[in-house]
Amino acid sequence: MSDQLIFQPSAAAIARTHTTKERYEEQYQRSVTDPNGFWAEQAQRLDWVKFPTVIKNTSFQYPDVSIKWFEDGVLNVAYNCIDRHLADRGDDVAIIWEPDNPEDEAEYITYRTLHEKVCRCANVLKSLGVKKGDRVTIYLPMIPQAAYAMLACARIGAVHSVVFGGFSPDALAGRINDCDSAVVITADEGRRGGKAVPLKANVDKALQDCPGVQKVLVVHNTGADVAMKGSRDIWWHEAAAGVEPFNDPEPMNAEDPLFILYTSGSTGKPKGVLHTQGGYLTYASLTHELSFDYKRGEVFWCTADVGWVTGHSYIVYGPLANGATTVMFEGIPSWPDCGRFWQVVERHKVNIFHTAPTAIRALMGAGSEWADKYEMSSLRLLGTVGEPINPEAWLWYHEHVGKGRCEIVDAWWQTETGGHMIAPFPGAIPTKPGSATMPFYGVQPVVLSPEGQLQEQTKAEGVLAIKDSWPGQMRTVYGDHQRFVDTYFSQYKGYYFTGDGCRRDEDGYYWITGRVDDVLNVSGHRLGTAEVESALVAHPKVSEAAVVGYPHAVKGQGIYCYVTLMAGEQSSDELVSELKAWVRKEIGPIATPDLIQWAPGLPKTRSGKIMRRILRKVAENDFGSLGDTSTLADPAVVDDLIENRQNR
Ligand code: ATP
Ligand code: MG
């Protein structure tokens, strides 16, 4: 289908990058044949208290998996993200904060201001008794204090666990207890899409089940009247006013923990992914610079929430380590209207814009006119991450947001990987809509058959695994190393198993076909859910689709499709037949949908990913036990789907 579509890098992208196609190939070879030499050189991008002499010390051998990078190095992550920039770019803007409400003023935080804010917060945390190695849970909206708090933890050597501000008290309590935090940082309230989010009230509820929490630091954000509990709750601004604006960064070993982050829970109970200092920061900053070809002075905007790994690596750590200007947006794409993203691009002259397929599809569904209303000539590069992007959505993004000029970087990676793993180097790698393209330096993807046979020929299909370690790799599941070993290294011995399926085409390009658990097996043919979904989304009346298998007497598995129509389109029986015929024509008879259900909304995780696990249950007519739904954004969507299910 879309494999034939190739976009060559633009002349502008070629002219500005240092990474030519030849250089990419040569450096890539070097990164995998001489990882010690390559990564020793890359580590020099950071400032070290003690530069490491041991670079790579890793083993994927089950059951003795162990991953260490730069193990005798000493550094401080916050120093690298702030202090070292003060001499020559102290007055550069580090963070542009754009509030939820477009009528409110944006804030421009220079590196110098960032330094003061972070030092004060670090001193406050110390005064609350937080020591090196202690865990701190951060439950904040998208306000600058979220970045200050993360960096303050890094500065004093505390381990942060950021919990997305949209999570319920139960989900929060589970995460606080799992990592045993004695301190929680929150705000009176958050704001999102014009609505208030009762963060402090949620924390109060959560803490009824968290006996270990001693102190709650509260940001005075909306000014809402909230209950403050005697000696436990402290206002951030009051505490910060009473401490010194300087703080000596704690020298940390490269392998000391930096943060814990719970995965989004698309496939089950979230895992407490643990990242460490030196390898993570080297990898986050290198991928940020190279995947986006970032140059000093450019305005970089990643729309993720800091509660997700994308927010950690590409709002906070990667950009700030590189001395970049990073935009932090409190709001949502559809409020006050569907032009909100583009208004922010115009307002702050954003050069690099990075978002997720879920947002792109939603904005495509709302109509192109929104993107046409704003002046977006500052844009140079567009990023997409989080799910396979349907080629149709890619093309829409390219044409209507990028006006045909901007490079598109589709980056495949995971909470577990710390940074991009497969993504096109702009200016070097031609792109194909729907493919994340080629591996980043040091990353050795392999395609295995489901039984574990290594597929050596270029053109191959199967499960995606990685052959050797890279510095940004997670080190363990917090408190449960066995779960780490079992989840990622037990199924395919000697490899890191990603859980994703993929196809490698004749040019060596990687196409993520969805999670392995979601692969369909129709009459003995294996089909990726992403492929069928992309065919549906390619229909002009469809804005979003989710496809799952269900037991089918003849075929083994039937194809069950949930379809969301474009704004203003009507569902009908004729359209059902039309869509079936359409997919049949696009992919082939084997992919013909058996059942189509109209879905005004799809169940999504809080990070916007479709939760196929739940859709599978509904399609199987077995919705009594939906499993862990605590990470769902809008549980009400599920009731509607159950009511209108097709397989009864
Ligand atoms: P859990 O592991 O708890 O089920 P999750 O996998 O959704 O949650 P993340 O680490 O946020 O949590 O997401 C990583 C996954 O997202 C990848 O394994 C892949 O399935 C998908 N993904 C991310 N980026 C891309 C991309 N560019 N193309 C295709 N899929 C992507
Ligand atoms: Mg995952």
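For ligands, and for the atoms within them, numbers begin at 1 and follow the listed sequence.
- With atom 13 (O) of ligand 1 as the reference point, the heavy atom nearest to it among R613, H420, K609 is part of K609.
- Classification of the W308-F167 ring pair by plane angle, with boundaries at 30° and 60°, yields perpendicular.
- Taking the six-membered ring where the residue is Trp, F259 and H160 present parallel rings, their angle staying beneath 30° rather than reaching 60°.
- Numbered from 1 in the order shown, with element, the atoms of ligand 1 that lie under 4.0 Å from a heavy atom of T263 read 1 (P), 2 (O), 3 (O), 8 (O).
- Applying the 4.0 Å criterion to heavy atoms of K271 picks out, from ligand 1, the atoms 2 (O).
- Residue V309 places every heavy atom at 4.0 Å or more from ligand 1.
- The shortest N/O to N/O separation between E387 and ligand 1 falls below 3.5 Å.
- In this structure, W413 counts as a contact residue of ligand 1, since one of its heavy atoms falls inside 4.0 Å of the ligand.
- Ligand 1 places these atoms under 4.0 Å from at least one heavy atom of E416: 10 (O).
- Contact of the V532 side chain with the V583 side chain is registered, since non-hydrogen atoms from C-beta on lie closer than 4.5 Å.
- Ring pair H288/H354: centre-to-centre distance not below 6.0 Å.
- Of the candidates T417, T605, D500, the one placing a heavy atom closest to atom 18 (O) of ligand 1 is D500.
- Between E387 and K609, no side-chain nitrogen of the basic residue sits less than 4.0 Å from a carboxylate oxygen of the acidic one, so the salt-bridge criterion is not met.
- Residue D410 has at least one nitrogen or oxygen atom sitting less than 3.5 Å from a nitrogen or oxygen atom of ligand 1, judged on distance alone.
- For G499, the closest heavy-atom approach to ligand 1 does not fall below 4.0 Å.
- For the side-chain contact (heavy atoms from CB on, under 4.5 Å) criterion with F341, the lone passing option out of I332, V350, T355 is T355.
- Note: F329 and W301 have perpendicular aromatic rings, judged against thresholds of 30 and 60 degrees for the angle between ring planes.
- No part of A436 comes within 4.0 Å of ligand 1, judged by heavy-atom distances.
- Between G386 and ligand 1, at least one N/O pair is under 3.5 Å apart.
- Proximity of the aromatic rings of Y488 and Y496 is defined here by a centroid distance below 6.0 angstrom, and this criterion is met.
- Under a 4.0 angstrom heavy-atom cut-off, A411 registers as being in contact with ligand 1.
- Distances below 4.0 Å separate heavy atoms of I512 from the following atoms of ligand 1: 29 (C), 30 (N).
- Under 4.0 Å is where a charged nitrogen must lie from a carboxylate oxygen, and between K432 and D507 at least one such pair does.
- Judged by distance alone, the side chains of N322 and Y294 never bring a donor and an acceptor atom under 3.5 Å apart.
- Here atom 6 (O) of ligand 1 lies nearest to R515 when heavy atoms of Q414, M474, R515 are compared.
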